[in-house]
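Just so you know, ligand 1 is whichever comes first in the structure, and atom 1 is the first atom listed for that ligand. Values reported hereafter were calculated over all heavy atoms of this structure, with side chains retained and with hydrogens, waters and symmetry mates removed. Every value quoted in this text rests on a predicted model; they were computed, and no experiment measured them.
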Amino acid sequence: MSRLSEYKGEINELINSLLAILQAQERSPEEVNRVKNAYEIANSAHKEQIRKSGHPYIIHPLNVAIILANLSVDIPTLCAALLHDVLEDTEVSSEELIEMLGTEVCELVKGVTKLSKFTFLSKREEQAENFRKFFLAIAQDVRVVLIKLADRMHNMQTLEYLPEYKQQETAKETMEIFAPLANRFGLNFFKWRLEDLSFKFLEPESYEQIHSMVNENRSYRENYLNGLKEALEEKIKEHQMLAEVTGRVKHFYSIHNKIKRIGSDDIFDLLAIRVIVEKERHCYEVLGIVHDLFQPLPGRFKDYVALPKSNMYQSLHTTVIGPEKRLVEIQIRTQDMHNIAEFGLAAHWKYKELGKSVSALSKYDARLSSLKQKLIEMQDEIPDADEYKKAIQIDIFTDEIFVFTPKGDLFCLPRGSTPIDFAYHVHSKVGDHCVGAKINERIGTLQNKLKNGDILEIITNKNSHPSMDWLGFVQSSSTRSKIKQWFKKNRSDEYIKYGQSIASESLTKSTYEEFLKTGVLRKLSEQMGLNSENEIFFRIGTGEISGKQLIGRLKNLGYLQKEVIEEEKESTIEEIQKPIRTKKFAKGSVAELKSFVHTFAKCCQPIPKEDIKGVISVGRGIVIHRTDCLNIQNLDNKRLIDISWDGTDESTQKFAVTLDIEFIDRIGITRDILDKIANEKINVLDVRGSRKTNKQIALLKISVEISGYECMHKLIKTISDMSDVIHVQRYSAPISKRGKK
Ligand code: MN
């Protein structure tokens, strides 16, 4: 109690300044009463709680509310700011909050509380970005972000009262998470202040240096800027425009960065002027005036008015050479643009628009999406690729959710993930022994779909192991493969048995038994670099080696192949046909043809997924053509066999394809086309010199090595999309003499 009375004066002062701000903003008596009511509830809830600084707790929410009141936020936001810590730190329940102040305020407080549960201590860039995304995903109401940032700002302002390790931790978190977050929302007001406050604790020496640098030259600098300001104001007046010209000192952290970047510590690099004009077109007129008065520095003009930044920032930037050859940075913008630059979305939460906030927001959304559209269209013209990327990335993380461990470690998982996905994401061992999960401190099932912000505790038992059923509901393919891995490692007996049965089915019973007896399989396992015969069966069991591949391997070793080789010596159509026409290969696949001499026809260059036919040709075994190849249209049916691809071809071999490319000739085009092909990581086998068909148009014949159908079509599309390319098609050979036979 003694403390409360000691600070009574200070508390009253804070209340009065909060009320004074509301009065200046002409808020209605009802609105003021709602805020007063919220204060009373907060005050009695925090009762005798004391902050680390020794101050009564209520001083903190009061300061947070004042920061926000100055930004003209709406009344529910102010009420929630006053109550932002009551759910977390006091006895007040959310039901009571709803009863006293309504669901809107309660939802805001709940949002802030949810965010406070997590410590955002980040170790890596990537993690920091995850936190920002998480923040955006979980704080669906922008007002929650505003309250959280104001909360953080006041905590930073009172950081000196905390122990040093805590100061460093909090300052680092602010610099890495909260300042970039403010930037993402276009809340420069918070960004700059949070950066400077953190900077002071993270690099106290640099901070002091800049502080004294700025102070030393203060009077000289102010005189200089005043002179400039007057000159500018006079000219603007002559042109019959209204403008507010202010000299400003950049914030310390940006000066620090600039010094680090360009190594200059000339205090006059810090000269900056801002001109606020009435209308958008005045921006350009004032720019003209500025450039008439002072010589602009080439390459420093930026037009963010016509091309706003992704966070909607708009302004003209220019740097001119002022009197005494000092460089001065000048920003020109309207009041609206200025509001957005300082307060971003918050600019839309001005109390005067109360009740219109929804339409203000949808206006913002519409503007944002049209901005995105514009950015996509203007992709090539945007000099800053990062800016462009940010603009279109806003929506990307809708496929992801963010969940935490009880310790506050953040994990990013695909939407639809289950506790099992989470467990395997943490570590395979956690996944392998997972028996249950606590979701937000309650027991949940392993099938539960996780939500953004869930806090997850996995319950493990070292005697427990994965179940095949899990494969039915886990979300990510990496989880699935980790579960399978466990079975491979720990259930090898079953796989070996299964592999043996596949092998015995693939081979005839007698050959299989003979192989086992004569040690052929041992030889095979040695040749394949495997440790044992069992490993062959294990791999067959897991599907890594198919029955067909086993046969192929055995043939390569010289078994099973004798009869085929003997047949080929004969080299008559009938003789070659015999093994092919046997039941097994009558409608065989290319993979099954491996034991026969076969080649791909050069005239039509078939690739997987295209319809093909085999042509039995004397001396060349089987030649595979595309079904539509002109060279096989008139062939005797006896020489044709039906074959198809079986899907294994694409992964195991490369196919040659020749493309005819027709394009408008210019210097360097061939190189450009080859660059595109190289970018696709495709090997070029041959380039035939371009031949001009008339003055402008040329033809190029390029042979490439592709992995399959999709790869070829992607390449054709890539080349077709080049601006000078007219047409790309598969090369088709004229009918050969041989084919006509
Ligand atoms: Mn707080």
Item to check | Ring centers of F411, F422 separated by less than 6.0 Å | outcome: yes
Checklist entry - Is the backbone N or O of T170 less than 3.5 Å from a side-chain atom of T174, with the two atoms forming a donor-acceptor pair by type? => result yes
Checklist entry - Does H60 bring an N, O or S atom to under 2.8 Å of the Mn ion (ligand 1)? => result yes
Checklist entry - Looking at side-chain heavy atoms only, is the closest gap between Q335 and V277 below 4.5 Å? => result no
Next on the checklist: What do you get for the angle at the Mn ion (ligand 1) between OD1 on D151 and NE2 on H84, to the nearest 10 degrees?
Outcome noted: 90°
Next on the checklist: Would you say the ring centers of H256 and H251 fall short of 6.0 Å from each other?
Outcome noted: no
Item to check | the Mn ion (ligand 1) - closest N/O/S atom in D85 | outcome: OD2
